Asks: 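Can you keep this structure in mind? I'll have questions shortly.
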Amino acid sequence: MPRTESHVSAGILAPAQDAKRAELLELLERAYWMEMETVMSYVANAAALDGIRAEEVAEALDADVGEELGHARKFAGRIKELYGTPPGTLAFTAEQTSLQPPEDATDVVSVIHGVIEAEAGAIEHYNRIIEACDGVDWATQDMVIDILRDEEGHLRQFERYLREFE
Ligand SMILES: [Fe+2]
Ligand SMILES: [Fe+2]
């Protein structure tokens, strides 16, 4: 845990919050990796999909890449603000087994399921962060609430696609 100078006695940057900051940094690092892996998965699946039925889904994924990258940037920035260091690539472990581009490039439904799973995972993790921030780190909480809203929007969008395909 990086040491902090006591320029402030209130809020998450206060020395008294060292332990809480360490807890939040761990949660924020995980969030950062989730966003980065999502960027990779959406780039690959958007490019992999074939067919008229898949076109709109591929375009939606492409459009989300920029948004997810923006989330990753926000998490990295907040990690730095909390006296942490954004993690290097060697610390990365891939987890999104459901977002491997399908063998059948027209299998849009399996991609939609993978996206829903990733968005739901993000929503669960971000709810955890928001709760962990309560009462001690309003700024992180505020940032993650904004991001949560984006992910809920993504989840609903792909739930609607799913209805159409099933
Ligand atoms: Fe995101
Ligand atoms: Fe998302």
Side-chain angles (χ1 to χ4, degrees), residues 12 21 23-51 53-82 84-102 105 107-134 136-166:
I12 191 66
R21 222 163 35 244
E23 179 198 334
L24 289 179
L25 280 170
E26 218 170 283
L27 292 168
L28 290 172
E29 268 185 37
R30 173 153 175 72
Y32 171 78
W33 285 130
M34 289 170 94
E35 296 291 349
M36 284 308 225
E37 188 174 11
T38 297
V39 167
M40 290 193 278
S41 291
Y42 289 6
V43 167
N45 282 285
L49 283 174
D50 274 336
R53 270 160 54 94
E55 214 161 284
E56 194 144 341
V57 172
E59 275 169 24
L61 282 176
D62 254 332
D64 282 350
V65 166
E67 213 169 321
E68 308 295 9
L69 184 59
H71 295 160
R73 282 205 179 100
K74 283 187 179 162
F75 283 119
R78 192 60 186 160
I79 287 168
K80 184 68 183 168
E81 284 164 2
L82 295 187
T85 305
T89 52
L90 292 181
F92 176 67
T93 312
E95 291 178 350
Q96 294 178 347
T97 44
S98 303
L99 271 173
Q100 306 306 300
D107 185 5
V108 200
V109 173
S110 85
V111 173
I112 295 173
H113 278 298
V115 171
I116 288 174
E117 193 179 301
E119 298 292 345
I123 287 169
E124 276 162 34
H125 187 59
Y126 301 168
N127 269 287
R128 206 171 305 139
I129 300 178
I130 289 163
E131 278 165 28
C133 289
D134 210 49
V136 279
D137 185 354
W138 304 115
T140 299
Q141 190 179 55
D142 183 60
M143 181 189 92
V144 181
I145 286 171
D146 272 349
I147 296 174
L148 174 66
R149 188 170 183 191
D150 289 342
E151 311 301 11
E152 287 178 343
H154 297 158
L155 180 83
R156 291 293 300 121
Q157 181 185 15
F158 281 83
E159 279 180 352
R160 291 194 297 270
Y161 288 145
L162 190 62
R163 274 195 64 200
E164 212 178 293
F165 280 100
E166 279 180 344

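These numbers were taken from a predicted model, which means no experiment stands behind them. Counting starts at 1 for both ligands and their atoms, in listed order.
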Asks: Have a look around the Fe ion (ligand 1) and list protein N/O/S atoms under 2.8 Å, or say none.
Replies: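 Under 2.8 Å from the Fe ion (ligand 1) - ignoring waters, which are not counted - the protein N, O or S atoms are Glu35 OE1, Glu35 OE2, Glu68 OE1, His71 ND1, Glu151 OE2.
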Asks: Any pair with a residue in residues 120-129 that passes side-chain hydrogen bond (donor to acceptor under 3.5 Å, both in side chains), sequence neighbours left out, goes on the list, sorted by first then second residue, please.
Replies: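 Found Glu35-Tyr126, His125-Arg128.
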Asks: Please determine which of Leu61, Val115, Val57 meets the side-chain contact (heavy atoms from CB on, under 4.5 Å) test together with Asn45.
Replies: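 So, applying the side-chain contact (heavy atoms from CB on, under 4.5 Å) to Asn45 and each of Leu61, Val115, Val57, only Leu61 qualifies.
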Asks: Between the side chain of Glu37 and the main-chain N/O of Gln96, is any donor-acceptor distance below 3.5 Å?
Replies: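 Present.
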Asks: Picking from Leu28, Leu24, Val144, what satisfies side-chain contact (heavy atoms from CB on, under 4.5 Å) with Arg78?
Replies: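 So, applying the side-chain contact (heavy atoms from CB on, under 4.5 Å) to Arg78 and each of Leu28, Leu24, Val144, only Leu28 qualifies.
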Asks: With sequence neighbours left out, what residues match Glu23 under salt bridge (charged side-chain N to carboxylate O under 4.0 Å, His left out)?
Replies: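 Glu23: salt bridge (charged side-chain N to carboxylate O under 4.0 Å, His left out) contacts with Lys20.
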Asks: Could you list the residues that satisfy side chain to side chain contact (heavy atoms under 4.5 Å, CB included) with Glu56, not counting sequence neighbours?
Replies: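 Here the qualifying residues are Tyr161.
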